[in-house]
Amino acid sequence: MGKRLLRNPGVVGGAAIFLLLLAAALAAGAVATHDPTRLDPVNRLKPPSARHYFGTDEFGRDVWSLVVYGARVSLLVGGVTMILTSVGGIAIGLAAGYYRRLDALIMRFTDGLMAFPAVLLAIAFMAARGPGVWNVILALSIVYMPRTALLVRSTVLTLRELDYVQAARALGSRDAGITLRHILPNCMAPLLVQGTFIFAYAVLAEAILGFLGVGVPPYVPSWGNVIASGKNVIREAFWVSLFPGVALTVAGLSLNLLGDGLRDTLDPRLRVQG
Amino acid sequence: MAAYLIRRVLAVIPVMLVVVTLVFLLIHLIPGDPAAAILGPDATPAQIEATRIQLGLDRPLHEQLLKFYSRLLQGDLGRSYFLDRPVTQALWERAEPTALLTIAALLVAIVIGVPSGLVAGAYPGSVWDRVLMFGALLGVCVPGFWLSLNFIYFFAVQLRWLPAGGYASIFVDPWAAVRYMVLPAVSLGFNQSALIARIARSCMLEVLQQDYIRTARAKGLSQGVVIVGHAFRNAMVPVVTVIGITTAILIGGAVVTEIVFNIPGLGRLIISAILRRDYPVVQGVVLVTAATYVVVNLIVDVVYVFIDPRIRYG
């Protein structure tokens, strides 16, 4: 398994880029050249130079440092959303897949939740709860949880009919034991694949919420916030919105490469032929 | 088939019940007292109390919910505090730009996505396949709203070919409408074209492995005839379903695109409503988009039955 993963160029390339971003985010203090919140009106809207790699924004803040610190917010939101949707999805999916009475109720609820365009549901949630990192994480977890729940449920429905699960039941195992020992481990590979894509969606959605002014508060350096402030000065300073957008694209690319690669390696049934 | 269609239409009811309930609950997600939050910090306790009663927040939750349902069935979404008119009227005034933007973006997505996917799938492993699929991967990853900004910088600020933002109704000035719509529609549709291309490619690959394709080849038909005459139509069937999903994503994306290009649609309406704490409008926009999604998917499922006669839902 490990060897096969290492032979997949998507997994290796995606993971390498992602780890680079993660390292930059964790060591932001060392990687950034300026304090990202320091205003310097004299040096506002300066183009990229040796002193300011990515130029400065309308308040004279260093865009390179904003992008580096913005990676923290993006990866925090993406990572925690991935964990919350997985944990919640496992709980709901197992319950729905194993208890038929609960299933109909849960399915109607997830159908209803999935009828909202994802971004709009997150916007509506943020409208009620107000700006903040944890509200963004909560909003995106609610938006994406039905997807993980449906995935776990469908895996459970397939597995529970298989001979080895029937055998475990014939041997007298209880529902809880069968679920945890025999079914849950088999949900892990598809969940990991989907989690990678949810990570990517969450990073993008966080930037969209920030761009619209309903995400993390405007004074927090995040890619969406910086792109939003770059929008106002695009005529005279294109670099303010350009570089955080490149960072966002690179993050999305790394996670998509990783997700596609993991899917091809871990779950050959889902592979797109060719 | 009639039985399937009836069941499919009836299935809309529970979904809409959940949607309406969630939209209703939105106002109860507001931390603290919603009435105080709506009125802002300057309100007097008497004003807050009056608003509580006006919103029905003093009644038990189930009573509020039943009232919400019954008003909705009469087509009443409440009044906008700020715009001082019924929410339904505000929605109606802003629906045209969003609907046209979504349709235009959908056309862009289909026109770019379907041919690229089918060509890539017809010649897997070729240079075309590699170039197109790399483009599709980039297309999935490039954030649409950021692409919009780059388009504005390049085509509006630098080249001055197209306006940087704004809107004209196609029913009033069609030429101006098209000029305003090109950049928003392309930047919104591009992401989805990548998704459609990936799916069209895998459908084409699957169809080309079918027995009837082998038969067509065995009787001496050329590759072009096999692909255009036999594979193309069958590969299109699953692609139709994707268009339903695409529409939902496009409606959500239209909100963001409208902000970038200053288009007076539902997206601008909801964002300004949030800033003014005009919650009935927020609820209205969310409800209308979800309902649109449900209806579009219903239509897609019905169309699907007609274009693929193999489907006979038992």
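Proteins get letters first, then strands, A, B, ... in listed order; numbering begins at 1 in each.
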Honestly, the part of M114(A) sitting under 4.5 Å from a heavy atom of chain B is backbone
Between L26(B) and A128(A), the two heavy atoms sitting closest are O-CB, 3.6 Å
In terms of heavy-atom pairs under 4.5 Å with chain B, the winner among L255(A), L204(A), L121(A), I234(A) is I234(A)
The interface call for V250(A) against chain B, heavy-atom contacts under 4.5 Å, is neither
Honestly, the part of A124(A) sitting under 4.5 Å from a heavy atom of chain B is both
If you tally heavy-atom pairs under 4.5 Å between each of I123(A), L253(A), V119(A) and chain B, the highest tally belongs to L253(A)
ask   = Taking atom OH of Y201(A) as the centre, does the number of heavy atoms from other residues, nucleotides or ligands within less than 6.0 Å exceed 12?
value = no
Report task. Check the pair L137(B) / L257(A) against side-chain contact (heavy atoms from CB on, under 4.5 Å), numbers first and verdict last. Result -> CA-CA 8 Å; L137(B) 179 63; L257(A) 283 172; 3.7 Å; yes
With F116(A) as partner, the option from L287(B), V23(B), I251(B), V294(B) fulfilling side chain to side chain contact (heavy atoms under 4.5 Å, CB included) is V23(B)
In short, R198(B) meets D260(A) closest at the heavy-atom pair NH2-OD2, 3.0 Å
Most heavy-atom pairs under 4.5 Å with chain B, out of T110(A), V214(A), I208(A), belong to I208(A)
Under 3.5 Å donor-acceptor, Y153(B) side chain and L242(A) backbone | no
Most heavy-atom pairs under 4.5 Å with chain A, out of A156(B), A273(B), G267(B), P31(B), belong to P31(B)
Note: R129(A) and I30(B) closest approach over all heavy atoms is NH1-C, 4.4 Å
Kindly indicate whether the side chain of F145(B), heavy atoms from C-beta on, has any atom under 4.5 Å from the side chain of L212(A). no
Turns out that what part of A164(B) lies under 4.5 Å from chain A's heavy atoms comes down to side chain
Closest non-hydrogen atoms of V286(B) and L120(A), given as atom of the first, atom of the second and distance, are CG2-O, 4.4 Å
Applying a strict 4.5 Å limit to non-hydrogen atoms, the region of L113(A) in contact with chain B is both
From the list V282(B), D129(B), T247(B), T289(B), the residue making the most non-hydrogen contacts under 4.5 Å with chain A is T289(B)
Most heavy-atom pairs under 4.5 Å with chain A, out of L147(B), I249(B), V256(B), belong to V256(B)
When you compare the side chain of F197(A) with that of V140(B), does any pair of heavy atoms fall below 4.5 Å?
no
Cut-off 4.5 Å, heavy atoms of chain B, and the answer for A207(A) is both
The interface call for V260(B) against chain A, heavy-atom contacts under 4.5 Å, is both
In terms of heavy-atom contacts, G112(A) and V18(B) come closest through CA-CG1, 3.7 Å
Answer key: most heavy-atom pairs under 4.5 Å with chain A among L17(B), N150(B), L22(B), V255(B) is L22(B)
* Asked: Does CZ belonging to F155(B) count more than 12 external heavy atoms closer than 6.0 Å?
  -> yes
_Treating W146(B) as the side-chain partner and S241(A) as the backbone partner, does any N or O pair qualify as donor plus acceptor under 3.5 Å?_
yes
Query raised in the report: Between F238(A) and L149(B), is a side-chain contact (heavy atoms from CB on, under 4.5 Å) present by the stated rule, with each step listed?
Result: CA-CA 9 Å; F238(A) 66 87; L149(B) 286 177; over 6 Å; no
In terms of heavy-atom contacts, does CZ of F68(B) have more than 12 from other residues, nucleotides or ligands at under 6.0 Å? yes
message = Take a 6.0 Å sphere around OH of Y69(B) and say whether it holds more than 12 heavy atoms from other residues, nucleotides or ligands.
response = yes
